[in-house]
Amino acid sequence: MEAQESGEHKYVYDFAEGNKDLKDLLGGKGANLAEMTNLGLPVPPGFTITTEACKAYLTTGREPDGLAAQIEAHLESLEREMGRRLGDPDDPLLVSVRSGAKFSMPGMMETVLNVGLNDRSVVGLSNQAGGNDRFAWDSYRRLIQMFGKTVCEVPGEEFEHALDEIKSAKGTHNDLDLDADDLRGLVDAYKKIFAKHTGREFPQEPREQLDLAIRAVFDSWNAERAILYRRQERIPADLGTAVNVVAMVFGNLGPDSGTGVAFTRDPGSGAQGIYGDYLANAQGEDVVAGIRNTVPLQELEQLDKTSYDQLLGIMARLEEHYKDLCDIEFTIERGKLWMLQTRVGKRTAAAAFVIAGQLVDEGLIDLDEALHRVNGAQLAQLMFPRFQLDHEFEAVAKGIGASPGAASGKVVFTSARAVELAAEGESVILVRRETNPDDLNGMIAAKGILTSRGGKTSHAAVVARGMGKTCVSGADELDVNVPAKRFTVGGHVVNEGDVVSIDGTTGKVYLGEVPVMPSEVVQYFEGELDPENTDDALVRSVHRIMTHADAARRLRVRTNADTGTDAARARRFGAEGIGLCRTEHMFLGDRRELVERLILASGEREREDALAALLPLQRADFIEIFREMDGLPVTVRLIDPPLHEFLPPLEQLAVNVAVAQERGEDVAKEEALLAAVRRMHEENPMLGLRGVRLGLVIPGLFAMQVRAIAEAAVAVVRDGGKACPEIMVPLVGAVQELETVRAEAERIIAEVVGDSGVEVLIGTMIEVPRAALTAGQIAEAAEFFSFGTNDLTQMGWGFSRDDVEGAFFWRYLELGIFGISPFESIDTDGVGRLIRIAAEEGRAARPGLKLGVCGEHGGDPDSVHFFHEVGLDYVSCSPFRVPVARLEAGRAAITTTGSDSR
Ligand code: PEP
Ligand code: MG
């Protein structure tokens, strides 16, 4: 307050001055402590030093001007409020110094408790505690330990070692068996350790302790583990942390004191009820460190009914106030309850849906807000099969859930062995310390990947996610010995061939085969579970929120499907059409031979014969799909990949021919094939003869496909059905390409459809940067655009889409060049800009131009929001992602002031 009056920048806020919406400035913890203070809840008094002070310190290397004086002023008012002074030898005020960033970064940054204790005030503390010397000396030794470790980087083990020594001298394992004299001795030992490592005595001046502790919290923002965590969680690096200075309350004053954590609902399942742990006669860090076993919170009712009832009342109040699941930390000091922290609690994907539904029922939030509270990533997680876990299965290790799913299989340690066993039909789990690009084949062959090192952006994690393969990374309890073909974990030895199970969502590792159960959410989408008639709270809530998302969204959601089966499944999942029917696969299998004939045709006649043979087969393909989609729009893309992909590989063919020649066999046919393959070989096939270029080079190829599409539509309509085909030309870069194809297509369509009433749209993909930049011209010849964001990313960045993710993206992610692969989530600044330009200029040239996207990004949650914002008409994605896209399209459409869902 004083700062504002003098026009100086305000860096320190009393709890009474803040509120929950000031997270940017006060961090999550500070903002919520302020909120609870203003609600009149029992929060120990204190103040928050802002993230701005931290940022200023981190950029300049020194505390900003005015900060010291503001701290002094707030400290004085804290002292007045508490009636105690920091460092007072008779009746000292002690404070805790805690970090608290905008987004919770559990355990990543520093905390120092009991600041203000020294050789003199330790006596005063004992007096305060009714002559409890043991408590006072225990608090002092904790300060030296924490301060030494976090502020002065004294190795923590040395303190632990000294503690162990005193305990073993006393013949005990329990801290509580140490008496005041033992702890006084321990303080001396700790001081020596401190002096040895820092070259100075433990600071006796309380204000110096406080300033150094604050500085240590600022510095901890840039500790290596914090940087790593932020990268994994995609938390911006420049937010800084706030620092909370809070009057200490003590849970370790005796049996009528204690500390605990609680959730207002079960964060695992979302079930209503009280979930928490309590530890009597302890301080907060004892609970986290697991030094003694906690008891379920419900037992507090027997120990201290007044505090228990008050706590339940506060929890109900917090839920009502935050309108969400809250987690809290509290301390009871001699029968008096203190709230030390609250925040909107983290929860599993299932709990997120269940709780959102419950809160609607309870009238706390509306359906828009419920929709805002869940997200597509959570829904996607719920669509993976899960392990059916009962008490028999206990995880032996926990790493990072790097790529979701559940996988069991035989352990292998090399890529080669993975390939070998997989070829024999075995399920394998590839176990490595960390993977590298040489492991790619093994990763492809394996059911799952398990590494003992590396985080969410490690090579293993990135590549596995790209493949949709289950992966647990960084399970550091595993000691992996590749040459010996075994790993050890918690006393178990696991040899090659032993079975393990890994859960890519939770990161847990199990020995043996854990049975897998299907996702009930998928069963619901498949129509196998009636949401109105099930007692499954998750399914009921998913149904309700999906229904609301469908009503709210403006974007339509189509699917990428090229078989009747995929089309049917996608419709069950809610697809409103096909946005991309790739026709490539229709040229494979037993049709390969016809395609070979087409490619190798020596004259017009031969080519026409081959095309004539392909025509009815293609027509049948399209009939099946049109029937399945029953009048919903179906975008059929004309053939795209380079034709040589339909021919045998060059090396293999060359060897075959050489061997046959050696044997003196007649190889005329093979030689012709080899010559053709050589002729068509390209150094950069992705930039070569594919897409529209093929259509312009091979006479009759596109014409055959157009005819098959039009004839199929007419056949379905004549049969009483409905068909709504859209023909899409791939890889167009210039309007002239499209015009040429269009002229021929229109002729054929007019000839085929006659008076059947069938209407066929003709449009193009926008997947070459030049097409995006000349969209105004291209729109003259296109009734729709569909953004092929895979190729647009490939050609926009110049990244080979088949190579780079496995080859080096892990490094780019590590360096923070991007936070997520641009093939996974749209690069809004670059590739997104191309999309914006094309959308705007296309629509300006042809009002009503239909716009969609059919690259992989169509099912990516963040990208869906971008496509909504750019004003596309639809997104199209693989069948399994259709529900995710529906949900995110709904979320994109609602505007809400609700809390940040992170
Ligand atoms: C694209 O490039 O985004 C696209 C959908 O086409 P394909 O992936 O088949 O190249
Ligand atoms: Mg493409």
Side-chain angles (χ1 to χ4, degrees), residues 466-468 557-563 566 570 575 577-588 634-646 682 684-695 702 705 726-733 737-738 741 763-772 775 778 782 784-805 821-828 830-832 834-835 838-839 850-860 863-864 866-867 870 872 874-879 881-882 885:
M467 294 176 186
V557 178
R558 297 196 194 179
T559 191
N560 295 357
D562 41 17
T563 65
D566 275 358
I578 291 181
L580 174 62
C581 169
R582 292 184 170 99
T583 51
E584 290 78 79
H585 94 273
M586 301 170 179
F587 289 75
L588 296 175
V634 176
T635 307
V636 182
R637 182 180 70 184
L638 303 180
I639 188 164
D640 182 23
L643 268 195
H644 72 68
E645 281 192 14
F646 298 98
E682 293 173 315
N684 290 306
M686 276 304 206
L687 301 177
L689 182 60
R690 54 178 282 225
V692 66
R693 305 162 194 177
L694 271 179
F702 275 13
Q705 289 199 291
E726 302 176 339
I727 291 176
M728 179 154 78
V729 185
L731 223 73
V732 165
E737 292 171 316
L738 184 60
V741 173
T764 181
M765 296 194 70
I766 300 288
E767 53 182 346
V768 175
R770 190 182 187 282
I778 291 178
F784 64 88
F785 284 174
S786 177
F787 291 96
T789 47
N790 306 331
D791 272 306
L792 203 55
T793 302
Q794 168 166 263
M795 293 186 230
W797 277 88
F799 280 148
S800 162
R801 61 193 260 196
D802 297 319
D803 304 307
V804 290
E805 287 191 283
S821 160
F823 285 107
E824 203 179 322
S825 196
I826 200 84
D827 151 39
T828 51
V831 177
L834 289 170
I835 294 173
K850 193 156 32 162
L851 298 175
V853 58
C854 63
E856 279 303 299
H857 304 83
D860 167 67
S863 310
V864 170
F866 175 76
F867 299 135
V870 173
L872 301 196
Y874 68 86
V875 295
S876 186
C877 54
S878 57
R881 294 171 97 187
V882 165

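Numbering of ligands and ligand atoms starts at 1, following listing order. Positions are given from 1, in the same order as the sequence printed here. Given the structure is predicted, the values throughout are model-derived calculations rather than measurements.
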Next on the checklist: Salt bridge check, E645 against R690: does any charged N sit closer than 4.0 Å to a carboxylate O?
Outcome noted: no
At a 4.0 Å threshold, what atoms of ligand 1 neighbour a non-hydrogen atom of [X]?
X: G788; value: 1 (C), 2 (O), 3 (O)
X: M765; value: 4 (C), 5 (C), 6 (O)
X: R690; value: 10 (O)
X: R801; value: 2 (O), 7 (P), 8 (O), 10 (O)

Checklist outcome for this item: To the nearest 0.5 Å, atom CG of D860 lies from atom CZ of F823 at 13.5 Å
Item to check | Spatial distance of atom CZ (F784) from atom OG1 (T764) [nearest 0.5 Å] | outcome: 8.0 Å
Checklist entry - Who's the nearest protein heavy-atom neighbour of atom 5 (C) of ligand 1, and how far? => result C854 O, 3.5 Å
Checklist entry - Can you tell me which residue and heavy atom of the protein come closest to atom 9 (O) of ligand 1, and the distance to 0.1 Å? => result R582 NE, 2.7 Å
Taking [X] for the side chain and [Y] for the main chain, is one N or O donor matched with an acceptor at less than 3.5 Å?
X: D566; Y: N560; answer: no
X: R801; Y: Q794; answer: no
X: E584; Y: D640; answer: yes
X: S876; Y: T559; answer: yes

Just let me know how [X] lines up against ligand 1, side chain, backbone, both or neither, with a heavy-atom cut-off below 4.0 Å.
X: L580; result: side chain
X: R637; result: side chain
X: E584; result: neither
X: D640; result: side chain

Item to check | Contact flag D640/the Mg ion (ligand 2), N/O/S atoms, threshold under 2.8 Å | outcome: no
Next on the checklist: If we count only N and O atoms by modelled type, under 3.5 Å, do the side chains of R558 and T635 hold a donor and an acceptor together?
Outcome noted: yes
Checklist entry - Taking just the N, O or S atoms of D791, which one is nearest to the Mg ion (ligand 2)? => result OD2
Checklist entry - Do you know which N/O/S atom name in E767 is closest to the Mg ion (ligand 2)? => result OE1
Item to check | Polar proximity ligand 1 side, E856 side, N/O cut 3.5 Å exclusive | outcome: no
Next on the checklist: The test is side chain to side chain donor-acceptor pair (under 3.5 Å); show your working for H857 and S863 and say whether it passes.
Outcome noted: CA-CA 6 Å; H857 304 83; S863 310; 5.4 Å; no
